[in-house]
Amino acid sequence: MDQAGESRSRPTYEVVVARDVMVPMRDGVRLATDIYRPARDGEPLPGPFPALLVRTPYDKSVPHTVETKGIFFARHGYVVAIQDVRGRYASEGTFAFLSQEAEDGYDTVEWLAAQPWCDGKVGTFGTSYLAWVQNALAALNPPHLAAMYVNQGGAQAHSSSVRHNGAFELRFMAWAFMGAATSPEAAANPAVRQALANTRFRDWLQRLPLRPGQSPLALVPSYERWLFDIWTRGDYDEFWSQPSLDFLAHVEQHADVPMLFTGGWYDSYTRATLENFTAFSAAKRGPVRVIMGPWTHGTEMPDRTWAGDVEFGPGASIAGTFADNVYDHHLRFFDRYLKGLDTGIDDDPPVWIFVMGGGDGHRTPEGRLFHGGRWRAEREWPLARTRYTEYYLGPGGTLGTEPPTAPSASSSFRFDPDDPVPTVGGNMSSLNDFAPVPPEIADKVRLEDRWASIVKVGPWDQRTTPDTFGARPPYLPLSSRPDVLVFQTEPLEEPVEVTGPLRAVLWVSSTAVDTDVTVKLIDVYPPSPDYPEGYALNLSDSILRLRYRNSPERAELMTPDEVYRVEIPLYPTSNLFGRGHRIRVDISSSNFPRFDVNPNTGEPLGRHTHTQVAINTIHHDRDHPSHIVLPLIPVDEEDADA
């Protein structure tokens, strides 16, 4: 909302658009770009105006994109360029996942700046892949890049986005199936397009690993090729360190411009968003800011007050706190840094976080758990006043701050790769499939509009239901499975705030030469009239493929039954555990289909021929004090009664 004394551009212009302007790249490939220009009486104005660039692998001509990205900002006095990335829709060339985006983005920024209607300042914005491409081009420091609004994008593809501490996030396999079906190659061949449109990715999840040439992806070889690259290349090497995939490796030469990173505690890029902020705020003048809300993945999620199965209260959205809505907030940012208007954003703190929790846990009329929460301004991340505190795993599933004293103690479970723990909520996006439609209307429904999630995303009670992918009757809590170890505190006598990065330190052994360890942090609500069995609210989770326990650069198989100390970074969070709640840590070896399942055989990644059962053990005795490190923040008076 406009505040007294603030200045803001107004929607005073008409808009004209030039479609599919072919912008040349350094290698001669031309990228199709729609140019939206401020106009009067149907004619584009000469300007010059600042330019905004959106680069997308999705269809740039869909009405929602046209209205919210093209027309909205052009009416406010910006030239807006929305571009199909290489090899997508109307652009020339061959699409290769992320790899080409640094150079193509740089060339597009400089082309825009050279046009007579541009004043030489170019800003970028977009979500997800549209966020990735911003930092990719900025890693090459184009001279005319002037500001970046990066919503929910990656930082280092190998560690916490595409691969994940050695495991593979299967959402990118789903993304490959979607991309192949909507590719120019498929559009040029109706038979190929029909075959891919009829493919159910959920069926292929039951037939992993894919074999080259033996799945529908083989119909579009370039998509099959890049999928196998990111799936089977486990070692961090020159492929993963290129500017388009690892921004943290190129901080020094990255553009120094105003940057705003926005993300959500349940986004697929939570860790990456805060890694970007931490790296660039330390190295650049910026200014660099970050906003973290209680949201899942998507451009307009910040306009919601809920995520998954949980309501966070009327103050949880971006509306009112920062601007009228998410697009108005973009305008507030670009008006300041591209037009020099006093929008008040200079007075914003470097860090805005939404501290989840504090609600009474009733069921809302919409059927969601009321978890509550509030916004808080901070000066840095992680918070300087953090007290990093070890919570030790103990016998009988206990969790507490006293180190173990027993000379021998451990907990074991049987991990069968053919019966993985189902995914129930979490930090995901794009783990989707083409929803079936009646044949009589199939030709009238865009494939992109049929993409529907296979799994529940965000915060959910940790129990299976008939619609949980991979779950079998009886549909019980995940904690009832014999391959899930549960460690929890006694009911809390006082509220506990956990805000910051999370890390598990475990001593592990296995009968296998390679296996995985998963860790999940949960806020356990006590039983109530609305939730007689309580409610186990997931906050964060992660995985470690143990062949990468020592280094992401080189796989090392284990010696069976030898005990190894491992560290597992989880996604950061901010949550107030209320009085009477329990802090819980669940440990297992799978979370499917969020991550690919380790066959326990030690074979090459994505190319195993069989699976084997492993007996995995977590040691928690005096000499092996397995624990999770929680970033505790002193609770203020406002939260003390929660």
Side-chain angles (χ1 to χ4, degrees), residues 56-58 97-98 126-136 150-179 201 205 227 230-231 245-248 261-277 290-302 304 307-310 326 354 356 423-433 451-460 469 501-502 518-521 538-543 568-574 591-596:
T56 178
Y58 307 111
F97 181 74
L98 289 176
T127 298
S128 196
Y129 199 100
L130 288 66
W132 274 101
V133 299
Q134 295 181 63
N135 279 105
V150 184
N151 183 51
Q152 301 180 337
Q156 188 181 62
H158 186 266
S159 69
S160 64
S161 297
V162 178
R163 303 203 65 82
H164 192 121
N165 303 329
F168 179 64
E169 297 203 9
L170 285 168
R171 61 193 176 104
F172 289 100
M173 186 178 290
W175 203 92
F177 274 78
M178 182 280 296
F201 177 62
L205 283 171
L227 172 63
I230 63 176
W231 185 20
L245 278 80
D246 188 350
F247 315 137
L248 303 184
F261 295 98
T262 55
W265 297 127
Y266 289 100
D267 177 35
S268 45
Y269 297 108
T270 305
R271 178 177 163 191
T273 296
L274 287 161
E275 286 178 336
N276 276 331
F277 169 76
V290 67
I291 298 174
M292 295 297 297
W295 308 311
T296 53
H297 189 75
T299 298
E300 295 171 358
M301 294 303 105
R304 292 183 178 179
D309 189 41
V310 174
V326 68
F354 188 87
M356 302 181 292
T423 295
V424 178
N427 297 61
M428 288 166 292
S429 60
S430 301
L431 189 46
N432 295 354
D433 198 1
W451 220 29
S453 183
I454 295 172
V455 295
K456 294 176 178 177
V457 175
W460 289 85
F469 183 88
L502 305 167
T518 64
V519 182
K520 185 180 294 182
L521 178 66
N538 57 303
L539 296 172
S540 176
D541 64 65
S542 191
I543 191 169
I568 306 174
L570 284 72
Y571 276 23
T573 193
S574 180
N591 183 350
F592 179 76
R594 171 149 160 63
F595 304 112
D596 66 337

* **R594/E169 under side chain to side chain contact (heavy atoms under 4.5 Å, CB included): CA gap, chis, key distance, verdict** => CA-CA 6 Å; R594 171 149 160 63; E169 297 203 9; 4.0 Å; yes

What are the two closest non-hydrogen atoms of [X] and [Y], and how far apart are they?
X: S161; Y: A272; result: OG-CB, 4.1 Å
X: G298; Y: T127; result: C-CG2, 4.0 Å
X: S453; Y: V457; result: OG-CG2, 3.8 Å
X: Q134; Y: L130; result: NE2-O, 3.2 Å
X: S430; Y: W175; result: OG-CD1, 3.8 Å
X: V162; Y: F168; result: O-CD1, 3.7 Å

* Asked: What pairs with V133 under side-chain contact (heavy atoms from CB on, under 4.5 Å), at least two apart in sequence or on another chain?
  ->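 Here the qualifying residues are R55, E101, Y129.
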
* Taking only residues two or more places apart in sequence, or in another chain, which ones meet S128 in a side-chain contact (heavy atoms from CB on, under 4.5 Å)? ->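 For S128, the residues satisfying side-chain contact (heavy atoms from CB on, under 4.5 Å) (neighbours in sequence not counted) are Y269, H297.
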
* Flag the pair F261 / F277 as yes when their ring centroid distance falls below 6.0 Å, and as no otherwise. =>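 Centroid distance F261-F277: not below 6.0 Å, so no.
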
* Asked: Aromatic ring centroids of W132 and F247 under 6.0 Å?
  ->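 Yes.
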
Does [X] use its side chain to pair, donor to acceptor, with the backbone of [Y] at less than 3.5 Å?
X: R163; Y: I230; answer: yes
X: Y571; Y: S160; answer: yes
X: T423; Y: F592; answer: yes

Interatomic distance, [X] atom [atom1] to [Y] atom [atom2] [nearest 0.5 angstrom]:
X: D541; Y: T573; atom1: CG; atom2: OG1; result: 11.0 Å
X: T296; Y: M428; atom1: OG1; atom2: CE; result: 10.0 Å
X: L98; Y: F172; atom1: CG; atom2: CZ; result: 7.5 Å
X: Q156; Y: N135; atom1: CD; atom2: CG; result: 13.0 Å
X: D433; Y: F469; atom1: CG; atom2: CZ; result: 9.0 Å
X: N538; Y: Y266; atom1: CG; atom2: OH; result: 5.0 Å

* Applying side chain to side chain contact (heavy atoms under 4.5 Å, CB included), run through M292 and S574 and close with a yes or a no. => CA-CA 9 Å; M292 295 297 297; S574 180; over 6 Å; no

* **Partner residues of D309 under the salt bridge (Lys or Arg N to Asp or Glu O under 4.0 Å) criterion, sequence neighbours left out** =>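 Not a single residue meets the salt bridge (Lys or Arg N to Asp or Glu O under 4.0 Å) criterion with D309.
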
Within the structure provided, determine whether [X] and [Y] are in side-chain contact (heavy-atom separation under 4.5 Å).
X: P572; Y: T270; value: yes
X: L245; Y: H158; value: no
X: M173; Y: F201; value: yes
X: P302; Y: T262; value: no
X: S542; Y: H164; value: yes
X: L539; Y: W265; value: no
X: L248; Y: N276; value: yes

* Return yes if a side-chain donor-acceptor contact under 3.5 Å exists between T273 and D267, otherwise no. =>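 Looking only at side-chain atoms, D267 and T273 do not form any donor-acceptor pair under 3.5 Å.
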
* Between T518 and N591, do the side chains contain an N or O donor and an N or O acceptor separated by less than 3.5 Å? ->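 Result is no, nothing qualifies.
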
* To do: Decide side chain to side chain contact (heavy atoms under 4.5 Å, CB included) for L205 and I454; before the verdict, give the C-alpha distance in whole Å, the side-chain angles of both, and the deciding distance to 0.1 Å.
  => CA-CA 11 Å; L205 283 171; I454 295 172; 4.1 Å; yes

* **Stepwise side chain to side chain contact (heavy atoms under 4.5 Å, CB included) check, D596 with W231** => CA-CA 9 Å; D596 66 337; W231 185 20; 3.7 Å; yes

